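Note that these values count all heavy atoms, side chains included, but never hydrogens, waters or copies made by symmetry. Keep in mind the model is a prediction, meaning the values are calculated, not measured. Chain identifiers are assigned alphabetically (A, B, ...) following the order of the sequence lines, protein sequences preceding nucleic acid strands; residue numbering begins at 1 within each chain.
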Protein chains: 2
Amino acid sequence: MSQATLKDVAVHAGVSHQTVSNVLNDHPHVRPATRQRVLKAVAELDYHPNVAAKALREARITALCCAFYNHDADQIADPYRNLIQSSFVAEADLRGYTMNVAFLLGEQPETFDRLRQRFLQRQMGGSVIVGQNMTAQQWRTTREWGMSSVMFDQHFDDTLVNTVFADYRGGMRELVAHHAAQGRRDLALIIPLADPGSSGVERHEQFLASVQELGLRGRVVNGDWSFDSGERAARTLLQGDAPDAILAGNDRMAAGALLAAHQLGIDVPGTLAISGFDDFEFTLYTTPRLTTVRVPHEAMARAAVQDLLNLIETGEDQPARCFPTELVVRDSS
Amino acid sequence: MSQATLKDVAVHAGVSHQTVSNVLNDHPHVRPATRQRVLKAVAELDYHPNVAAKALREARITALCCAFYNHDADQIADPYRNLIQSSFVAEADLRGYTMNVAFLLGEQPETFDRLRQRFLQRQMGGSVIVGQNMTAQQWRTTREWGMSSVMFDQHFDDTLVNTVFADYRGGMRELVAHHAAQGRRDLALIIPLADPGSSGVERHEQFLASVQELGLRGRVVNGDWSFDSGERAARTLLQGDAPDAILAGNDRMAAGALLAAHQLGIDVPGTLAISGFDDFEFTLYTTPRLTTVRVPHEAMARAAVQDLLNLIETGEDQPARCFPTELVVRDSS
DNA sequence: GTGAAAGCGCTAACAT
DNA sequence: ATGTTAGCGCTTTCAC
């Protein structure tokens with residue numbers, strides 16, 4: 001059996017197909033009795049409107065896209081992406097939209113082309129771009145397509161609209177204060193040093209500001225967000241003039257630092273405090289469990305979809321949204 | 001400026017719109033010169049076909065859906081879902097399809113309804129359902145909608161078509177043999193005991209078969225896939241007649257067992273071997289790093305999309321595919 | 001209140 | 001080899 005069309009419903013109900021359309025779209029001026037008959041026919045024929053026809057006629061698209069930008073393949077395993085995504089989908093559902101997915105790779109320009117194609121071919125009406133460490137140039141490029149989009153978990157100071165991000169500065173301020181309150185006086189931060197577009201810059205800058213303000217010693221060493229880079233950086237630090245706290249820019253590097261401390265026989269948190277950023281699930285599985293700064297990904301994700309839909313529907317840029325972070329003190333500090 | 005249509009291109013190139021369509025769809029009987037003129041016009045006007053119009057006319061849908069079934073919210077953070085999903089998207093791209101996402105929740109029937117709606121409204125032509133622990137009844141329900149679908153990482157013995165799964169039995173056989181080869185003689189498995197539809201059943205059954213075959217002692221205790229349940233089960237085991245190896249049904253429970261051993265001061269892997277299943281990323285971050293059984297998620301994901309597209313395009317059920325697992329020996333056994 | 005006509009952008013079938 | 005006609009399923013506009 002083929003799918004019933006609006007016309008089939010009309011015949012079945014003994015009315016014209018426009019009347020059916022009127023009923024289905026809640027238009028006024030339909031007699032209750034007629035409406036009942038139509039709804040009965042709809043139910044009996046298990047009628048479902050054809051979105052393609054609707055979209056064609058209304059020149060309106062009911063699909064959005066969430067595009068994940070990965071600086072490196074490592075991030076594909078980011079445990080939070082699932083949470084973000086299910087929040088995107090849930091929020092889109094609420095407004096009658098579906099969610100597509102795309103993956104963008106900096107080293108593969110064709111992944112950007114495909115996203116552009118999907119937009120221009122009207123497969124989707126706009127996208128949430130999960131950047132984190134996209135370059136300003138890449139972001140600008142997507143804007144030039146004319147596509148409505150909202151940047152997620154990253155922002156550029158020159159474009160403070162249509163963007164949802166976390167208050168990494170506030171998180172870092174709180175974290176440094178926590179370490180100071182625990183009596184730590186010699187702090188080291190592991191963070192990418194040469195990654196200008198990245199959200200790491202804020203953590204870096206705020207770290208320097210906070211240690212100065214609190215009169216602590218503060219050093220910064222390079223890491224590339226990976227577990228291995230965290231381990232290497234920590235090992236170098238601990239074998240020389242060791243700090244009494246290592247702050248990693250993310251949980252992954254913090255886990256690496258933890259391993260280095262273990263291997264060098266250094267007591268955590270006794271001799272050395274270690275902390276991360278993100279609050280990924282595995283922070284519960286390390287020994288000791290990792291102190292970290294949680295980012296409210298779910299609320300941010302829902303906000304991003306709301307902003308995107310408002311942007312699409314009104315055409316007006318939405319003001320940037322900055323979400324507070326939360327210090328999660330566990331056993332490593 | 002509004003988007004150019006096929007007609008605009010035709011006017012610009014001085015041909016009929018049908019000729020443009022012929023060129024774009026690689027139909028024969030188009031003179032090279034005409035083709036060139038059309039392509040030039042397409043480029044100049046930055047023309048992109050409207051998928052809604054195409055879909056309506058061709059009665060063909062170029063979107064698929066990947067639906068994730070979560071038994072509990074915990075699984076939302078499954079680190080492998082990203083890998084699976086990007087593989088789905090990559091494979092679909094290759095065949096000119098886009099991927100939607102849906103999340104199914106056992107306790108919320110409306111999530112199933114929404115998926116059905118999307119299919120019936122022709123927003124997508126079929127879906128890959130990532131089950132893992134869906135009930136046979138839920139699976140049967142989706143089949144009754146008439147939707148083409150492929151079941152991923154789960155299978156039911158009575159429907160060995162359109163399903164892609166891993167050889168958990170083979171993985172368990174290899175794992176038990178490994179523990180035996182290391183001199184372990186008293187094995188305990190942590191796995192859900194009352195979860196009939198689950199892929200855990202195979203691990204359970206094979207564990208019993210393997211220990212018997214190798215003349216080892218083998219016990220099975222209950223766990224619900226969560227970190228906490230692994231910790232509880234292991235603690236109970238270790239405080240009584242302790243085994244010399246604990247095999248957890250997944251990495252999460254293995255991490256819990258590891259914590260219990262740590263807290264009880266038991267040396268791993270000296271006194272006790274611990275192993276998991278899945279090879280999630282965090283197995284690299286535990287101390288010691290976890291021995292586990294890897295499942296080839298990426299290859300499985302690509303196969304699932306291939307099967308789905310073949311099913312949609314030919315209408316013929318695709319034979320089940322079973323992928324071998326791989327023992328990954330690290331430091332915990 | 002309801003029906004008839006037109007057309008969204010595209011392709012298949014038929015004409016030339 | 002190219003142009004013309006028709007219609008996919010729906011909503012909007014305008015009669016009645």
*Asks:* Rounded to whole Å, how long is the line connecting atom CD of A:Gln18 with atom P of D:dC16?
*Replies:* 16 Å
*Asks:* Compare the minimum distances between each of D:dC10, D:dG3, C:dA12 and the side chain of B:Arg57, then state the nucleotide with the smallest one.
*Replies:* C:dA12
*Asks:* Determine, for A:Arg95 against A:Glu313, whether the closest basic-nitrogen to carboxylate-oxygen distance falls under 4.0 angstrom.
*Replies:* yes
*Asks:* What's the shortest heavy-atom distance between B:Ser149 and B:Thr142, and which atoms?
*Replies:* OG-OG1, 4.5 Å
*Asks:* Which nucleotide, C:dG3, D:dC10, C:dC10, lies nearest any side-chain atom of B:Tyr47?
*Replies:* C:dC10
*Asks:* Mind listing the closest non-hydrogen atom pair of A:Ala304 and A:Phe88 along with its distance?
*Replies:* CB-CE2, 4.2 Å
*Asks:* Salt bridge or not between B:Asp93 and B:Arg302? Use side-chain N to carboxylate O under 4.0 Å.
*Replies:* no
*Asks:* Side chain of B:His29 only, heavy atoms from C-beta on: which candidate in C:dT11, C:dG9, D:dA1 is closest?
*Replies:* D:dA1
*Asks:* Could you say whether B:Arg35 or B:Leu56 is positioned toward the 5' end of DNA chain D, judged by the nucleotide with the nearest heavy atom to each?
*Replies:* B:Arg35
*Asks:* Using every non-hydrogen atom in the two residues, find where B:Val164 and B:Met300 come nearest and quote the distance to one decimal.
*Replies:* CG1-O, 3.6 Å
*Asks:* Between C1' on C:dT2 and CZ on A:Arg31, what's the gap in Å once rounded to a whole number?
*Replies:* 9 Å
*Asks:* Take atom NE2 of B:His17 and atom P of C:dT11, then tell me their distance rounded to the nearest Å.
*Replies:* 10 Å
*Asks:* Among D:dT12, D:dG3, C:dG3, find the nucleotide with the atom closest to the side chain of B:Val15.
*Replies:* D:dG3
*Asks:* Quick check on DNA chain D: between B:Thr19 and B:Arg122, whose nearest nucleotide comes earlier from the 5' end?
*Replies:* B:Thr19
*Asks:* Rounded to whole Å, how long is the line connecting atom CD1 of A:Ile61 with atom C1' of D:dT11?
*Replies:* 17 Å
*Asks:* Answer with yes or no whether B:Glu58 presents, from its side chain, a donor or acceptor under 3.5 Å of a partner atom in the base of C:dA12.
*Replies:* no
*Asks:* Between B:Ser21 and C:dT11, is there a contact of a side-chain N or O with OP1 or OP2 at under 4.0 Å?
*Replies:* yes
*Asks:* Rounded to the nearest Å, what distance is computed from the NZ atom of residue A:Lys7 to the P atom of nucleotide C:dA4?
*Replies:* 12 Å
*Asks:* Heavy atoms from C-beta onward define the side chain here; which of D:dG9, C:dG3, C:dC10 lies closest to that of A:Thr5?
*Replies:* D:dG9
*Asks:* Starting the side chain at C-beta, find the nucleotide from D:dC8, D:dA1, C:dT2 nearest to A:Thr34.
*Replies:* C:dT2
*Asks:* Closest nucleotide of DNA chain C for B:His27 versus for B:Ala53: which of these residues is on the 5' side?
*Replies:* B:Ala53
*Asks:* Rounded to whole angstroms, how far apart are CG on A:Asn25 and P on D:dT12?
*Replies:* 7 Å
*Asks:* Using atom CG of B:Leu24 as one end and atom C1' of C:dG9 as the other, report the distance to the nearest whole Å.
*Replies:* 13 Å
*Asks:* Grab the NZ-P distance between B:Lys54 and D:dC10 for me, whole Å please.
*Replies:* 21 Å
